[in-house]
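Since this is a predicted model, take the numbers as computed values, not measurements. Residue numbering restarts at 1 for every chain, and letters A, B, ... go by the order of the sequence lines.
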Amino acid sequence: MTDRTTSRFLDLRALGALEQMRFTTRRRVEGTFMGYHQSRQLGGAGEFVDFREYTGGEDLRRLDWKVLARTGKAFVRIHEEETNLDCTLALDASGSMRFGAAARRDGRGSKLEYVQFLATALAHVITRSQDRVGLAVLDEGLGQWLAPGATASHVGQAQEIVENLQTHASLRMAGGLRQLFERCRRRGVLMVLSDFLMEDAEDVFAALRLFRHRGWDIVVLHVVHPDEERLPEGMAYRFEGMENEGRLSCSPAEIRAAYRERFAAHLAMIRQLALAGGCDYRRVSTAIPYLQTLGGFLVERAG
Amino acid sequence: MTFLHPWAIWVGVAAAAVPVVIHVLTRPRPVRMPLSTLRFVREAVRQRRSWRRLRDYILLILRTLAVLLIALAVAMPQWGARRQIADLAGGDSLRVVVLDLSQSMAARSGAVELFERARTAAAGYLRYRPGLAANLVLAGARPRGVFDGPSTNFDALRDELSRCRVLPQRMDVNRALDMAARMLAPTMPEDHRRRELVVVSDFQRSSWSRADFSPLPADTQIQFESVAPAEPPVNLAVLRIEGRPAGSQGNVQLEVEVGNYSPTARKMAVDVALGHSSWRLSGTCPPGRSTTLIEEIGVRRPGWEWGEARLVGVDDALPADNVRPFVLHVRPPPRYVLITRQAAGRRPTSSLFIECALASLGGAGVSPGAGGAGVSPAAGETQAGRLRHDGGQSPVVVRVDPAAIDRPAVAAGDLVLLDHPGKLSVATIKLLSELMRHGRPVLYVAGEAIDATNLKRLCEAAGSGLEMPVEFAPPSAGQARRDLFYASVRRESPPFAVFGDGLPSLMGRLRFAGGLTSRRASNGLEADILATYNDGSAAIVLTSCEAGALAVVNADLAASNLPKTSTFVPLLAELIELLRDRHRAAAAAFCGEPMVVQLPAEAGSAAGLRVCGPGDLAGGRADSAGGTPAPQAGADADAGRYGELADEAAGAVWRWDSPAAPGVYRIERDQATAFAMAVNLPAEESRLENLPAEVLTSRLAAGRPAVYRGMGDEGRSRDDQWKWFATACVACILGEISALLIFRT
């Protein structure tokens, strides 16, 4: 595999610190090729796991003859196969993801930029472990979709999509997830990177539950900007919605407490929905460097 | 509602806009910020909006109110007050300032005489202004204007204002208003100048309650400038002093009426000085009322006595009324001439009843006092029980047979009584009429039919000087005049007033018989009929006859039960007192008010008489209580200082247009006092109660635009309003702070 270094979000030197880390799953996965992940298939070519008493009809090639000779009992050797995984990165490209940008046309500092760095790094880390990575851009629907792949050109294409990601004013994401569900045939890992500032949060998690029912491993990365957690200091602000929500003038000091309560309730609700849907939930603050977030995430995944 | 500083309203409105303007100008320019969590902001704002809106409205209202209240406080609103005349500017106008010079204006309030305040207030209306012509009316008992009409010589007006002083008089309000009305009256049809009347006074109730503003032109604007304090100042006064006969010992019951015009009851002591003697009368006077202090004193010898009553230990608002001069006329025992044809000693006869009654009066003396000050009995020389003689020397009652009239004997009597005289001769009728005209009182007891003829001839002889209220006639044949009783009496006036509340029971027991029928005379005064029988005929009649008086008792006393009751003697005594005292009321004189006094007959002709004032030396006992004795005989009437003396048909008359200072004035002949009279302050000047402003402006002003301004209006009431508005402003600010604290969370 040839590393693609054209994306401005891919910093190989920084990722070198994570060279020894792999993205792992907590569940058995289905893969096409040999890989580092526990396969859902148990066979005889893999790593020895255990003995099991032979039952009639089983493949005699797995019978451990030496044990039969020593003990007179027929035991079957169980080997665990390892395979690769398909990881699909579902990126939220709604307008709210541009929050935190230094300027309207400059996305630096925004949640989107953070997600771009994180997704690019994840794609790099995942494909380096012989796994395949797919990409889905969720805006009003399923904006772009790239089926999982592990080739250098595939990764490059994915990084290019991430690099050129554009936001759209949308308050719904469930539709895009349903479209994605219809396109994905094999089980894998679905990693959703979103701020979940949408009107159909419950529908989104309903869609995610569809993936879970099919055996997908769902990882929810809830991207939060620190400026969203608390309103800015100052006498008067005219807040403008980023998804065609209009504008509102007020004094932040007067509503700071009420806002904080509501935002905290929103975070709790997303976490509750995620955990209730069997998803792995992790809040990602853009205040923390994405490499640190990624490292922590990988370590946590590695158990 | 008017404002003393109306400009403050506009300032207040502008100031009320200041918070809004400041809010707009200093409103923070909102920082534009894209926000992904706008819906959370919107929810938070929606939650707080109702509270915020309520708080904002409350704060806005309270702030605006506070600013407006400050403006109102500065503007000094005057509820119900019209614009002051002094504030009107521009245009031609006539202005008359009526300045009250009455005695009550000398009252002190806060160590300052009300008159000094009045002078300052009046001066404010006598300042030059283009188009203004003004005049000043100095209003006492005889108001006078500085000029005949409004003038532009303001210097002269102010000069006169600075010279005028309070007079010991009461103000003739209506006369002053008439004078002002004449000055303000338009001189020609096209005279459309504004007319202003400014009255500067204490608006004493007693003087102003009968004020009549109707003579003023209808478009006259009236400004009442009151210099009286809001609460009447404390004042104590001697209101009246009078002597009455007391008992048969020749003593005098001295009655001193004192007024306590203060909110609390007071113990009052009065020193009464009479001649070289003095007495102290004391008693407690309830608040706001008068009390009569009584002391029985003995008088040594006949003659004129004068003195004064002075309140002791009093420090009140009006010191001038703490002293009151008075006069007592102590006369020798009266001599009664009883003309009757009934024999002496024969009983029971009407004349005998009268004779006994007169004798029982003792020195009954009953002599008229002069100067409105008092009546005193003669010295106790006549003892009860002596019937016809006094000490066996001078007879008290002299019987005269009408058939043989002793002219000198009749003329020497102090009172002539006629009872059953029969038909009087022409000479007797002429004598009686002459005696009446010269001041001799006559009491005629008409019990017979012939008395009607006598009375008719007596009236004819007296001429126009005697106008009887009724014409007496003999009862018709067969008409029995018996069982008559008093159907109506003048219970409030002598001779019945002395019986007080017991009058109805006393009168109910009286039955009369005899007498004459009567019918009303066209020219007579109804007031001269003192009592009427149940059949409509007059019972007692008393009529003036030039200097004298004629009383008729229409009854046959022998056939009536009156002489047998206890009512007879006091009734007769009161009637005689009334007859002899007929001129006393006319002799009451007050400072500044014209008087005409008929001198007693014993004073003789005006030639040789002279008038002495309070500070002049009298021939007799001049320095008894009056002023400092003068080395020479006092001023003469010819100088006009104390009026003038003149001879008239009825005798000598003393006329004085304007008695000056209070005190005792005497008329002397050959250094002997022939008459004395006290000139006093009107008693009502002592009551410093003021007329309410509403009465002046709404009722008395007769629909003319009137403004009342009290002494404390500019200082107190307006300040009070300012304080109220300021307090309300502070309350608004406190309310705002409270609202901020309440809505803080």
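A distance of 12.0 Å separates CZ in A/Arg262 from OG1 in B/Thr37, rounded to the nearest 0.5 Å. Atom CG of residue A/Asp227 and atom CE of residue B/Met33 lie 5.5 Å apart, to the nearest 0.5 angstrom. Remark: A/Leu231 CG to B/Leu35 CG distance equals 7.0 Å, nearest 0.5 Å. Atoms OH and CD, on A/Tyr259 and B/Glu43 in that order, are 11.0 Å from each other to the nearest 0.5 Å. To the nearest 0.5 angstrom, B/Ser36 atom OG is 4.0 Å from A/Lys111 atom NZ. Atoms CZ and CZ, on A/Arg247 and B/Arg32 in that order, are 7.5 Å from each other to the nearest 0.5 Å.
In plain terms, the two heavy atoms of B/Leu38 and A/Gly246 that are nearest each other are CD2-O, 3.4 Å. Minimum interatomic distance between A/Tyr237 and B/Pro30 (heavy atoms only, all atoms of both residues): C-CB, 3.9 Å.
Crowding of A/Gln166 atom CD: a count of heavy atoms from other residues, nucleotides or ligands under 6.0 Å not exceeding 12. Around atom CE of A/Met235, no more than 12 heavy atoms belonging to other residues, nucleotides or ligands sit under 6.0 Å away. More than 12 heavy atoms of other residues, nucleotides or ligands shown are found within 6.0 angstrom of CZ on A/Arg256.
With a 4.5 angstrom heavy-atom cutoff, A/Glu254 touches chain B via backbone and side-chain atoms both. Looking at A/Pro252, there are no atoms closer than 4.5 Å to chain B (heavy atoms on both sides), in backbone or side chain.
Note: A/His266 and B/Phe40 have tilted aromatic rings, judged against thresholds of 30 and 60 degrees for the angle between ring planes.
When atom types are taken as modelled, the side chain of B/Arg39 and the backbone of A/Met198 share a donor-acceptor pair closer than 3.5 angstrom. Of the possible donor and acceptor atoms, one in the side chain of B/Arg42 sits under 3.5 Å from a partner among the backbone N and O of A/Glu245.
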